[in-house]
S.K.: 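Got a structure here, written out as structure tokens. Questions coming.
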Amino acid sequence: MSYQNARKKYAKIGVDTERAMSALAKVPVALHLWQGNDVEMFDVEPGGASGGIQATGNYPGRARNPQELMDDLAKVISLCPGKKRLNLHMGHAVFAPGEWVDRDRTPASAFKPWVDFCRKHKVGADLNATYFGHPMNDPLSLTSPNPKVRRFWIEHTKRALEVAEYLATEQKSKCVMNVWIGDGLKDVPGDRLGPRLRYKESLDTVLKEHPIDQKKVVMTVEAKLFGIGVESYTPGSGEFCLKYASENKEKGVVVLMDTGHYHPTEVVSDKVSSILAFDEKMALHVSRPVRWDSDHVVSFDDETRELAREIVRCGADRFYISLDYFDASINRVAAWVNGFRNFQKALLFAFLQPVKTLAKLQDSQDFTALQVMQEELKLYPFGDVWAEYCKRCGVAADESWLGSVRKYEKEVLSKR
Ligand code: RNT
Ligand code: ZN
């Protein structure tokens, strides 16, 4: 079917494909840097992410330094449609020789090369404090019983807020600064409340000593259920982060939900409306958990589509969205591009839903029609609208983009 015919078919159910495409073009989605180098950071000796996260696979071509990561990202950006941001980690700081300082002192100037990169590629940037893969993990961070360790990570969080302010000033748009700690216990805790109280106190100290400049920065707190080696207990649980964000809403704190961070039968698509019934904004890490928080490449699958439908129904401008996965078993650039494109597809699919009609069918309790409609919609000529959207964005609409990645692999990645 041609795009024009697809447009007519959608128009019959009250969906304007032109409006869907222009709405999608306005939704920023952040590309997470850590897909390019297996969650390694540049400010410490490489040696595994720790903190309960791990990239699996040893496909050749990992970016070993900021320049390689930037080269790879430029390739990724050129193959993806839509509005992009970058999602950086404090550990991506770039130090000139002899200028290295530890994470409690990272200066904003260490992010100047990233600001330049963003400017060149016309993308915004968000940030994460980096609490893992560092000798000051004992192995805890903000929840450590050792006040010196906690102070180090409190200072780090304050530096991250400063870097976020710098990024916001340079890009003239708000910067999200995400807090996720890998703290937790492998086995049954002897004390569950203590670490949570310390986590709370550490965050309170940060906010007291460095209040969030709310015109520029949003601080998000990312919840998690468990990680590798911290299977039994994580202080920053779903409830903890929800409570912390709601208690500190006025100070600029927002909750972040990662789609891999809940019990396997729970879905984030069913959670976001509960948060948005109370809060104006929330943040998301879009990932794909396979049986556990495995961080597989985002797919155009049922849950991703359902999450996208919720984003569109609740209002896309109420979300700060980033991708978060890391697959080292396949070409990393292809993994990056594939996941980003798949999420774009999910969003476009969602913008092409007759939202009001479906809500009306629900409210009039016509569940038969609701079910039939939702199933038939799956085979509407979505692919033709996708092709048109890609064409307008100047990128390939089908798998032919892989050819360009293969060429890049041959010329660049395979030589690393
Ligand atoms: C870990 C969290 C966190 C990280 C990144 C690297 O489970 O999802 O967001 O993936 O900070
Ligand atoms: Zn995450």
Side-chain angles (χ1 to χ4, degrees), residues 29-80 84 86-93 128 130-134 137 178 180 182 222 224 226-231 258-261 285-301 304 322-343 399 401-416:
V29 176
L31 270 167
H32 55 310
L33 260 64
W34 48 98
Q35 164 55 44
N37 70 337
D38 308 348
V39 215
E40 298 282 357
M41 294 294 144
F42 299 134
D43 63 337
V44 286
E45 289 296 313
S50 83
I53 53 175
Q54 195 181 26
T56 50
N58 55 1
Y59 200 88
R62 177 173 72 83
R64 294 160 301 179
N65 53 52
Q67 190 52 55
E68 290 181 352
L69 197 57
M70 285 179 197
D71 294 345
D72 294 356
L73 266 169
K75 189 81 216 161
V76 172
I77 290 171
S78 75
L79 299 172
C80 296
K84 300 147 203 105
L86 294 192
N87 199 0
L88 304 157
H89 249 280
M90 280 293 273
H92 292 120
N128 298 259
T130 314
Y131 302 94
F132 53 83
H134 189 279
N137 294 129
N178 181 42
W180 168 72
E222 180 176 4
K224 189 164 175 175
F226 81 101
I228 304 170
V230 291
E231 287 83 359
D258 180 308
T259 57
H261 288 192
H285 274 182
V286 184
S287 192
R288 177 164 56 107
V290 178
R291 305 192 194 284
W292 69 290
D293 181 28
S294 58
D295 286 297
H296 278 63
V297 175
V298 168
S299 160
F300 182 58
D301 59 10
T304 308
S322 174
L323 303 183
D324 180 4
Y325 54 81
F326 26 99
D327 191 338
S329 74
I330 57 174
N331 180 305
R332 291 171 186 77
V333 172
W336 239 337
V337 175
N338 201 20
F340 192 93
R341 289 173 62 99
N342 288 339
F343 195 57
E399 68 283 0
W401 59 264
L402 185 56
S404 165
V405 176
R406 288 277 184 237
K407 187 165 173 276
Y408 183 71
E409 179 168 33
K410 205 162 151 241
E411 290 167 4
V412 181
L413 300 175
S414 67
K415 305 212 166 110
R416 288 184 183 161

S.K.: Taking the side chain as C-beta and beyond, is there a heavy-atom pair between Phe343 and Phe300 under 4.5 Å?
M.R.: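 Contact flag for Phe343/Phe300 side chains = no.
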S.K.: I would like to know whether Val39 and Phe132 meet side-chain contact (heavy atoms from CB on, under 4.5 Å); could you show each step before the answer?
M.R.: CA-CA 10 Å; Val39 215; Phe132 53 83; 3.9 Å; yes
S.K.: When rounded to the nearest 0.5 angstrom, what is the spacing between CZ in Phe42 and OG1 in Thr130?
M.R.: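 Interatomic distance, Phe42 CZ to Thr130 OG1, rounded to 0.5 Å: 11.5 Å.
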S.K.: If the condition is side chain to side chain donor-acceptor pair (under 3.5 Å), which residues does Trp336 pass it with, not counting sequence neighbours?
M.R.: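 Result, side chain to side chain donor-acceptor pair (under 3.5 Å) vs Trp336: none returned.
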S.K.: Rounded at 0.5 Å granularity, tell me how far CG in Leu79 sits from CZ in Arg341.
M.R.: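 Result: 7.5 Å between the selected atoms.
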S.K.: For a quick test of reading the model, state the closest non-hydrogen atom pair linking Gln35 to Ala335 and the distance between them.
M.R.: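 Smallest interatomic distance, heavy atoms only, reads NE2-CB, 3.4 Å.
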S.K.: Treating Asn137 as the side-chain partner and Tyr131 as the backbone partner, does any N or O pair qualify as donor plus acceptor under 3.5 Å?
M.R.: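 Yes, Asn137 side chain to Tyr131 backbone: donor-acceptor pair under 3.5 Å.
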S.K.: First locate atom CD of Glu40, then atom CH2 of Trp34, and finally report the distance between them rounded to the nearest 0.5 Å.
M.R.: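 One finds 14.5 Å between CD of Glu40 and CH2 of Trp34.
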S.K.: Contact between Val333 and Leu413 at the side-chain level, heavy atoms closer than 4.5 Å - yes or no?
M.R.: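 Touching, per the 4.5 Å side-chain cut-off.
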S.K.: Which residues pass the side chain to side chain donor-acceptor pair (under 3.5 Å) test with Ser299, sequence neighbours left out?
M.R.: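 Result, side chain to side chain donor-acceptor pair (under 3.5 Å) vs Ser299: none returned.
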S.K.: May I ask you to check whether Asp324 and Ser287 show a side-chain donor-acceptor distance below 3.5 Å?
M.R.: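 Not at all, the side chains of Asp324 and Ser287 share no donor-acceptor pair under 3.5 Å.
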S.K.: So which pairs with a foot in residues 67-80 pass salt bridge (charged side-chain N to carboxylate O under 4.0 Å, His left out), sequence neighbours left out?
M.R.: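 Counting only pairs at least two positions apart or across chains, the salt bridge (charged side-chain N to carboxylate O under 4.0 Å, His left out) contacts touching residues 67-80 are Arg64-Glu68, Glu68-Arg416, Asp72-Arg416.
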S.K.: Is there a donor-acceptor contact under 3.5 Å linking the side chains of Ser322 and His32?
M.R.: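 No, no side-chain donor-acceptor pair sits under 3.5 Å.
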S.K.: Applying the side-chain contact (heavy atoms from CB on, under 4.5 Å) criterion to Phe340, which one of Val76, Ile77, Leu323, Val297 satisfies it?
M.R.: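 Of Val76, Ile77, Leu323, Val297, side-chain contact (heavy atoms from CB on, under 4.5 Å) with Phe340 is met by Leu323 alone.
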S.K.: Enter the distance from Ile228:CD1 to Ile53:CD1 here, rounded to the nearest 0.5 Å.
M.R.: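 Output value for this atom pair is 8.5 Å.
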S.K.: To the nearest 0.5 angstrom, please state how far the CG atom of Leu86 sits from the CG atom of Leu33.
M.R.: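 If I round to the nearest 0.5 Å, the distance is 5.5 Å.
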S.K.: Here's a test for you: under side-chain contact (heavy atoms from CB on, under 4.5 Å), which of Asp301, Thr304, Asn342, Asp295 qualifies with Arg288?
M.R.: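 When Asp301, Thr304, Asn342, Asp295 are each tested with Arg288, the side-chain contact (heavy atoms from CB on, under 4.5 Å) holds only for Asp301.
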S.K.: Can you name the residues that form a side chain to side chain donor-acceptor pair (under 3.5 Å) with Asn65, not counting sequence neighbours?
M.R.: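 Residues passing side chain to side chain donor-acceptor pair (under 3.5 Å) with Asn65: none at all.
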S.K.: Relative to each other, are the rings of Trp292 and Phe226 parallel, tilted or perpendicular (30° and 60° limits)?
M.R.: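 Tilted.
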S.K.: Rounded to the nearest 0.5 Å, how far apart are CG of Asp293 and NE2 of His261?
M.R.: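 NE2 of His261 is found 4.0 Å from CG of Asp293.
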S.K.: The criterion is side chain to side chain donor-acceptor pair (under 3.5 Å); which residues satisfy it with Ser294, sequence neighbours excluded?
M.R.: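 Here the qualifying residues are His296.
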S.K.: Quick one: list whatever passes side chain to side chain contact (heavy atoms under 4.5 Å, CB included) with Ala334, sequence neighbours left out.
M.R.: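 Side chain to side chain contact (heavy atoms under 4.5 Å, CB included) list for Ala334, sorted by chain: Asn331, Trp401, Leu402, Val405.
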S.K.: Using the rule side chain to side chain donor-acceptor pair (under 3.5 Å), only one of Asp38, Asp327, Asn37 pairs with Arg332; which is it?
M.R.: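 Exactly one option meets the side chain to side chain donor-acceptor pair (under 3.5 Å) with Arg332, and it is Asp38.
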S.K.: Any sub-3.5 Å donor-acceptor pair from Glu231's side-chain atoms to Gly229's backbone N or O?
M.R.: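 It does hold such a pair.
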S.K.: Do Asn178 and His285 come within less than 4.5 Å of each other through their side chains, counting heavy atoms only?
M.R.: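 Yes. Closest side-chain heavy atoms under 4.5 Å.
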S.K.: Decide yes or no for Tyr325 and Val298: does some side-chain heavy atom of the first lie under 4.5 Å from some side-chain heavy atom of the second?
M.R.: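 Yes, side chains in contact.
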